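Comments concern the structure below.
Below, all heavy atoms of this structure are taken into account, side chains as well, without hydrogens, waters or symmetry copies. All values reported here derive from a predicted model rather than from experimental measurement.
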Amino acid sequence: MTDTLRAALVQVNAGPEILPNLEQAGIFVRQAVAQGAQLVCLPENVSLMAQGREKILARVKPEDTHPGVPFFRDLARETGAWIMTGTLGCLLPDGRVANRAFVISPEGEITARYDKIHMFDVDLAGGESYRESATYRPGEQAVVAPTPWGGLGMSICYDVRFAYLYRALAKAGASLITVPAAFTVPTGRAHWHVLLRARAIETGCFILAPAQTGTHDGGRGTYGHSVIISPWGEVLADAGEEPGVVIADLDLSKVQEARRMVPSLGHDRSFAGP
């Protein structure tokens, strides 16, 4: 296992058409690799930010014909980087969609897939309302992908509110956890940084959280602030609100250091419910 990693997060403002979104993502990935990034992570819905079930279903494709899959496989081969693709909407046989993230090796091989488990069904102040479960099928399997830097735990956006998933990933060998997201502005302002720092502290993992930013199709706004967080809860990089790339050098020995100081992953106790 390699002890040091230059990690990059790509922050984008995706629109309702897949190919232009992929083109922009590719530009940023190449910029990141030109700066020495070995692992590049992209946001949720990197290939499509469309408002409404009908518009989404008119654009998504099954995994085997989705243009984003060969695009990122070729990009990994071209750049020699590991890529966590962010999520692609993959049409399923039952007519619903998987919100699916991929980890791709420098050889262009898909080494892991993860379907978002927790659905964003919420009603926010000011009238914002989302029913992700109306279009998407929840995943059922937690995933830790093997990488040269240890296990990479996979999660997506709303998953960040479910601490038990992150604890399971850490216990299964994750040293890094990715959280590609398209956080709303109100929830982002209130909860984004604190939730991500908490997940890092609880697990003793580096958190890599690439995000959408700006105004999208239908007037939806996303918070931005892609962040890299240390196992001690320190914010190592924050992308702010503009599209672009942020990079941080990670010392993987900090994972075991944090876990030695506060070995809470080994302190579970069974208890009766209230």
Side-chain angles (χ1 to χ4, degrees), residues 1-10 29 32-33 35-43 72 76 79-87 100-117 139 141-156 159-160 162-181 196-210 226-237 246-268:
M1 189 178 78
T2 304
D3 288 336
T4 59
L5 165 63
R6 177 161 285 192
L9 307 183
V10 169
V29 169
V33 175
Q35 296 177 61
Q38 300 158 286
L39 169 66
V40 184
C41 303
L42 295 105
F72 284 115
T79 60
W82 284 79
I83 296 176
M84 191 287 294
T85 63
T87 72
R100 182 170 294 167
F102 300 81
V103 175
I104 301 177
S105 75
E107 294 73 39
E109 297 301 318
I110 296 172
T111 64
R113 295 170 175 82
Y114 168 70
D115 291 355
K116 184 177 183 179
I117 291 173
Q141 178 68 53
V143 175
V144 176
T147 77
W149 308 281
L152 185 151
M154 302 179 73
S155 69
I156 299 167
D159 284 334
V160 77
F162 301 88
Y164 52 76
L165 172 61
Y166 292 76
R167 192 170 188 85
L169 294 172
K171 284 179 168 287
S175 299
L176 311 159
I177 299 178
T178 53
V179 195
L196 291 165
R197 292 184 67 201
R199 298 296 88 86
I201 293 164
E202 292 164 351
T203 62
C205 288
F206 283 97
I207 298 291
L208 308 173
S226 300
V227 287
I228 301 174
I229 301 175
S230 80
W232 202 244
E234 304 153 302
V235 176
L236 304 178
V246 291
I247 290 177
D249 291 314
L250 312 186
D251 177 357
L252 276 297
S253 69
K254 296 296 183 183
V255 173
Q256 294 308 317
E257 180 181 304
R259 292 175 181 179
R260 280 195 302 270
M261 288 190 289
V262 184
S264 60
L265 289 173
H267 289 168
D268 293 280

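For the pair Gln38 and Pro148, the minimum side-chain heavy-atom distance is 4.5 Å or more. For the pair Val143/Arg113, no side-chain contact is recorded, criterion being any heavy-atom separation below 4.5 Å from C-beta on. Using a 4.5 Å heavy-atom cutoff, the side chains of Leu252 and Thr2 are not in contact. Thr111 places a side-chain heavy atom less than 4.5 Å from the side chain of Trp82. The closest side-chain heavy-atom distance from Asp159 to Ile117 is below 4.5 Å. Residues Arg100 and Thr87 fail the side-chain proximity criterion, which asks for heavy atoms closer than 4.5 Å. For the pair Ile207/Val227, no side-chain contact is recorded, criterion being any heavy-atom separation below 4.5 Å from C-beta on. Using a 4.5 Å heavy-atom cutoff, the side chains of Arg199 and Val179 are not in contact.
Looking at every heavy atom in both residues, Ala181 comes nearest to Pro43 through O-CB, 3.8 Å. In plain terms, the two heavy atoms of Ala142 and Tyr114 that are nearest each other are CA-CE1, 4.5 Å. Met154 and Ala101 make their closest contact through CE-O, 3.6 Å (heavy atoms, listed as atom of the first residue, atom of the second, distance). Across every non-hydrogen atom of Ala37 and Ala81, the tightest pair is O-CB, 4.3 Å. Of all the heavy atoms in Ile247 and Ala32, the pair that sits closest is CD1-O, 3.9 Å. The nearest pair of heavy atoms linking Leu42 to Phe72 is CD1-CE2, 4.0 Å.
Atom CG of Asp251 and atom OG1 of Thr4 lie 7.5 Å apart (nearest 0.5 Å). Rounding to the nearest 0.5 Å gives a distance of 12.0 Å between CD1 of Ile177 and CZ of Phe206. The distance from atom OG of Ser175 to atom CG of Leu169, rounded to the nearest 0.5 Å, is 11.5 Å. With rounding to the nearest 0.5 angstrom, the CG atom of Leu208 is 7.5 Å from the CG atom of Leu5. Distance CD1/Ile201 to CD/Glu234: 9.5 Å, rounded to 0.5 Å.
Under the side-chain hydrogen bond (donor to acceptor under 3.5 Å, both in side chains) criterion, Arg259 pairs with no residue, sequence neighbours left out.
Residue Leu250 forms a side-chain contact (heavy atoms from CB on, under 4.5 Å) with just one option from Asp3, Leu39, Val255, Leu176, and that option is Leu176.
At least one donor-acceptor pair closer than 3.5 Å links the side chain of Thr85 to the backbone N or O of Phe102. Under the 3.5 Å distance criterion, the side-chain polar atoms of Ser155 are matched with a main-chain donor or acceptor of Thr178.
Taking 4.0 Å as the cut-off between side-chain N and carboxylate O, Lys254 and Glu257 count as a salt-bridged pair.
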